[in-house]
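Each chain gets a letter, A, B and so on, in the order its sequence line appears, and its residues count up from 1.
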Number of protein chains: 4
Amino acid sequence: MSKADKTKGYIIEKTASIFNTKGYAGTSLNDLTEVTGLTKGSIYGNFKNKDDVAVEAFKYNLQLMNQLFTSEKAKEESCRGKLLIYTKILCDSSGSKLPIGGCPILNTAVESDDTHPVLKELAKKALLNWKNDFVGILNAGIQAGEFSSDLNTEQIAITILALIEGAIMINKLTDNNNHIRLIMQSLRDYINQI
Amino acid sequence: MSKADKTKGYIIEKTASIFNTKGYAGTSLNDLTEVTGLTKGSIYGNFKNKDDVAVEAFKYNLQLMNQLFTSEKAKEESCRGKLLIYTKILCDSSGSKLPIGGCPILNTAVESDDTHPVLKELAKKALLNWKNDFVGILNAGIQAGEFSSDLNTEQIAITILALIEGAIMINKLTDNNNHIRLIMQSLRDYINQI
Amino acid sequence: MSKADKTKGYIIEKTASIFNTKGYAGTSLNDLTEVTGLTKGSIYGNFKNKDDVAVEAFKYNLQLMNQLFTSEKAKEESCRGKLLIYTKILCDSSGSKLPIGGCPILNTAVESDDTHPVLKELAKKALLNWKNDFVGILNAGIQAGEFSSDLNTEQIAITILALIEGAIMINKLTDNNNHIRLIMQSLRDYINQI
Amino acid sequence: MSKADKTKGYIIEKTASIFNTKGYAGTSLNDLTEVTGLTKGSIYGNFKNKDDVAVEAFKYNLQLMNQLFTSEKAKEESCRGKLLIYTKILCDSSGSKLPIGGCPILNTAVESDDTHPVLKELAKKALLNWKNDFVGILNAGIQAGEFSSDLNTEQIAITILALIEGAIMINKLTDNNNHIRLIMQSLRDYINQI
DNA sequence: TATGAATGAGTCTTCATTCAT
DNA sequence: CATGAATGAAGACTCATTCAT
């Protein structure tokens with residue numbers, strides 16, 4: 001790894017949480033220099049512009065979140081278990097295991113849908129990938145005989161996703177862990193009844 | 001109504017959709033003058049500052065959304081019918097009947113939770129009011145014998161809310177009406193099975 | 001007195017102390033409306049512009065100060081007594097009997113000498129009048145045999161004035177009454193030795 | 001000396017006289033960019049804000065004045081001579097050797113006493129330092145046998161100061177050198193009679 | 001005469017970006 | 001590759017002034 005790559009990685013790591021907390025418009029280059037301890041020139045030496053950093057930061061946050069889910073899912077053998085993992089992660093820690101600032105897809109979706117097409121596209125792809133991941137698990141479950149074969153996998157997948165994202169939003173807004181726990185209980189019931 | 005009140009109302013009406021689309025940080029005073037055709041001085045003559053406009057714009061958007069729900073609910077007699085209304089509104093028009101920019105609670109929640117305490121508080125209250133509205137409908141349904149008396153009304157209410165907000169977010173992000181329709185189908189099933 | 005004259009007088013009275021405290025550039029029209037309880041339109045109905053108010057306010061402050069000196073001087077019969085009056089006034093109350101904000105001549109001189117020719121001219125005239133008043137007292141004293149006839153009245157008059165203005169400035173700046181008392185003691189000695 | 005330090009110094013040098021003539025409130029950032037030929041961004045890159053420039057400009061003007069006095073005093077051997085220096089400086093050039101705009105202590109005292117606490121404090125300290133300098137000279141003179149030992153050094157020091165500041169104010173206001181000459185003649189007499 | 005809403009040039013300040021070193 | 005000084009457009013906000021009512 002070249003020095004440039006190392007610095008680039010360092011900048012992304014350090015700035016990812018700010019973008020995920022303050023949003024793209026709310027994050028200034030001064031924020032970036034403060035949190036990295038680097039100069040503006042250094043950031044512009046490694047990235048084309050603020051957009052470029054934001055995009056990489058989004059990817060980093062997404063990867064962080066995906067790694068969390070992937071590693072937890074790996075511990076489960078059954079497909080239902082893999083689905084239930086999400087309720088456990090979000091319920092136990094009330095979302096605190098997510099990247100700082102919460103779900104990057106949710107954050108980016110809401111801020112950037114009308115203002116930042118590149119980020120919007122990334123978030124959209126991430127969301128659809130997530131949905132497809134659920135579809136994959138459901139199909140595997142059908143194959144394995146865990147689930148009945150006449151499921152509407154698309155509908156179930158997108159419903160789970162909506163519940164999760166809605167729960168994360170409500171949890172951040174209300175600062176009350178009970179809400180996310182109740183929703184996750186509903187999700188658990190939903191998954192168990194599939 | 002004084003001229004000041006009229007201008008104030010005019011400014012709020014005109015700017016509400018910008019704040020709901022671009023967010024607080026993403027909306028500039030130039031945006032506000034452009035969309036209203038007024039000068040900065042005029043805006044500052046009617047509002048204390050940008051914050052003040054944003055707060056009123058949020059209230060306006062919220063009221064717009066609440067009026068939509070309230071008027072549709074009034075057409076339904078049964079409590080279940082009142083709950084199902086949301087699936088119809090969001091499904092039929094794919095959210096296009098919402099204020100321009102989407103659900104102001106969702107938008108404000110995501111942008112302002114870490115940056116704008118006043119707006120966050122307003123969004124939080126609006127969300128809890130909405131939840132309590134659901135709880136009220138559920139209790140009325142229990143009273144009327146529509147629903148079984150051993151429901152966890154809090155859980156059901158917050159779950160419906162999470163599904164709705166999640167659906168709105170997904171709909172805006174993916175520009176694909178199928179997703180919200182599927183989620184609303186799940187919500188319909190959920191409500192009908194109560 | 002017409003209503004216009006009454007309102008004009010009211011505005012001057014109320015605003016004089018702000019101009020004398022914050023200075024011309026530091027006083028805004030909002031300050032003027034706040035302290036008078038009137039509207040901007042009302043102020044512009046009675047004065048041509050901010051300058052006009054400032055000029056009248058200066059004259060008012062000046063008159064206030066002159067009245068204080070004149071009435072005190074009237075109580076003294078001897079010319080030396082009339083001169084000593086100033087030391088008493090400034091020493092006893094440490095300047096608190098002056099118009100709010102201090103000596104308007106001093107304030108206007110320092111702020112407006114390079115920026116506001118009209119006010120500067122007014123302050124200059126007031127200062128020279130004051131000096132001439134001293135000269136007059138000194139001449140009367142010579143006539144009355146109180147003072148020797150070979151006094152340099154111009155020099156004495158302007159020296160007294162410099163001591164007084166210097167004392168007022170030092171008093172305001174240091175918030176320490178001892179300084180003005182010591183200077184007034186020196187002035188008393190100076191006058192008594194004439 | 002870094003480039004930043006050089007630019008900072010350049011800005012201070014160039015802007016000091018504006019602040020000393022127009023005052024803090026009367027000096028705008030446009031004034032500062034015009035006189036320096038720099039951009040606003042450049043000024044804000046070197047100073048925290050306008051306040052910061054004003055404070056440094058005051059210090060610079062003060063230093064300029066103090067250097068003038070110090071270098072002239074150094075040429076005198078006797079303590080009386082050191083005191084008389086001030087009459088010479090102010091009398092000969094009628095104040096034209098002072099920083100452009102006049103005595104920064106006087107200017108700042110009058111403008112900032114009610115509006116700018118930081119500048120007021122700086123001016124206050126400068127004035128007391130000056131007074132203490134006079135006290136020091138007087139004590140040295142007593143030690144050296146030049147002056148009688150029963151002097152009220154505080155009173156003499158503050159009286160000299162008041163005369164000087166009063167003279168500077170009168171000179172600027174009246175544009176008539178005779179006045180300052182007469183006052184300085186009185187000061188000379190006063191010092192010689194100590 | 002008094003009101004108060006509107007103006008637009010002005011205020012101070014921060015922004016993302018560039019470039020010589 | 002990194003620095004840090006400079007840019008100038010844009011940011012939010014205040015100003016003195018005007019004018020229809």
Side-chain angles (χ1 to χ4, degrees), chain A residues 2-8 25-33 36-54, chain B residues 2-8 10-11 25-33 36-53, chain C residues 2-8 25-33 38-54, chain D residues 2-8 10-11 25-33 36-53:
Chain A
S2 73
K3 188 175 181 195
D5 284 346
K6 251 166 75 180
T7 309
K8 242 182 136 161
T27 300
S28 74
L29 258 129
N30 274 349
D31 291 331
L32 305 188
T33 58
T36 55
L38 300 175
T39 61
K40 286 178 187 177
S42 174
I43 287 172
Y44 272 85
N46 288 281
F47 295 89
K48 228 182 68 199
N49 51 27
K50 184 182 153 187
D51 257 53
D52 200 9
V53 192
Chain B
S2 75
K3 191 174 182 198
D5 285 344
K6 254 165 71 182
T7 310
K8 236 182 141 163
Y10 171 79
I11 293 172
T27 301
S28 76
L29 258 133
N30 276 348
D31 290 332
L32 305 188
T33 58
T36 56
L38 299 174
T39 61
K40 285 178 192 179
S42 176
I43 286 172
Y44 275 88
N46 287 284
F47 294 88
K48 232 181 65 201
N49 49 29
K50 183 182 149 187
D51 255 54
D52 199 9
V53 192
Chain C
S2 72
K3 188 175 180 197
D5 283 348
K6 250 165 75 180
T7 309
K8 246 184 131 158
T27 300
S28 76
L29 259 130
N30 274 350
D31 289 334
L32 305 188
T33 58
L38 299 174
T39 60
K40 286 178 188 177
S42 175
I43 288 172
Y44 272 85
N46 288 281
F47 295 88
K48 227 181 68 199
N49 49 29
K50 184 182 152 186
D51 257 53
D52 200 9
V53 192
Chain D
S2 74
K3 191 176 182 196
D5 285 345
K6 252 163 75 180
T7 309
K8 237 181 140 164
Y10 171 78
I11 292 172
T27 300
S28 76
L29 259 131
N30 276 346
D31 290 332
L32 304 189
T33 57
T36 56
L38 298 174
T39 61
K40 286 177 190 179
S42 175
I43 287 172
Y44 273 86
N46 288 284
F47 294 88
K48 230 180 67 202
N49 48 30
K50 185 182 151 187
D51 255 54
D52 199 11
V53 191

- Pairs under 3.5 Å (Watson-Crick or G-U), crossing ones as [ ], inter-strand ones as |: DNA chain F comes out as .||||||||||||||||||||

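Remark: A:L38 CG to A:N46 CG distance equals 8.0 Å, nearest 0.5 Å. B:L32 contributes atom CG, which lies 8.5 Å from atom OH of B:Y44 (distance to the nearest 0.5 angstrom).
Taking atom CZ of B:F47 as the reference point, atom P of E:dA5 lies 12 Å away to the nearest angstrom. For the pair B:K6 NZ and E:dA6 C1', the interatomic distance rounds to 15 Å; values are reported in whole Å. Computed from coordinates, the A:L32 CG to E:dT14 P distance equals 17 Å when rounded to whole Å. The nearest whole Å value for the distance from the CD1 atom in D:I43 to the C1' atom in F:dT7 is 12 Å. Rounding to whole angstrom units, CG of residue D:N46 and P of E:dT14 are separated by 14 Å.
Looking at every heavy atom in both residues, D:F47 comes nearest to D:I11 through CE1-CG2, 3.6 Å. Among all heavy-atom pairs drawn from D:K50 and D:L29, the shortest one is CB-CD1, 4.4 Å.
Remark: A:D52 pairs with no residue by the salt bridge (Lys or Arg N to Asp or Glu O under 4.0 Å) rule, at least two apart or across chains. Legend: residues meeting side chain to side chain contact (heavy atoms under 4.5 Å, CB included) with A:T33, ordered by chain and number and at least two apart, are A:N30, A:K40, A:I43. Under the side chain to side chain contact (heavy atoms under 4.5 Å, CB included) criterion, B:T39 pairs with B:S42, sequence neighbours left out. Listed by chain and number, the residues in a side chain to side chain contact (heavy atoms under 4.5 Å, CB included) with A:D51 are A:Y24, A:N49, A:H116 (sequence neighbours excluded).
Residue D:T39 places its side chain closer to F:dT7 than to any other of F:dT3, F:dT7, E:dT3.
Side-chain nitrogen and oxygen atoms of D:T7 include at least one within less than 4.0 Å of the OP1 or OP2 phosphate oxygen of F:dA6.
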- Protein-proximity profile, nucleotides 13-19 of chain F, B/S/- by nucleotide at the 4.0 Å heavy-atom cutoff, equals BBSBBB-

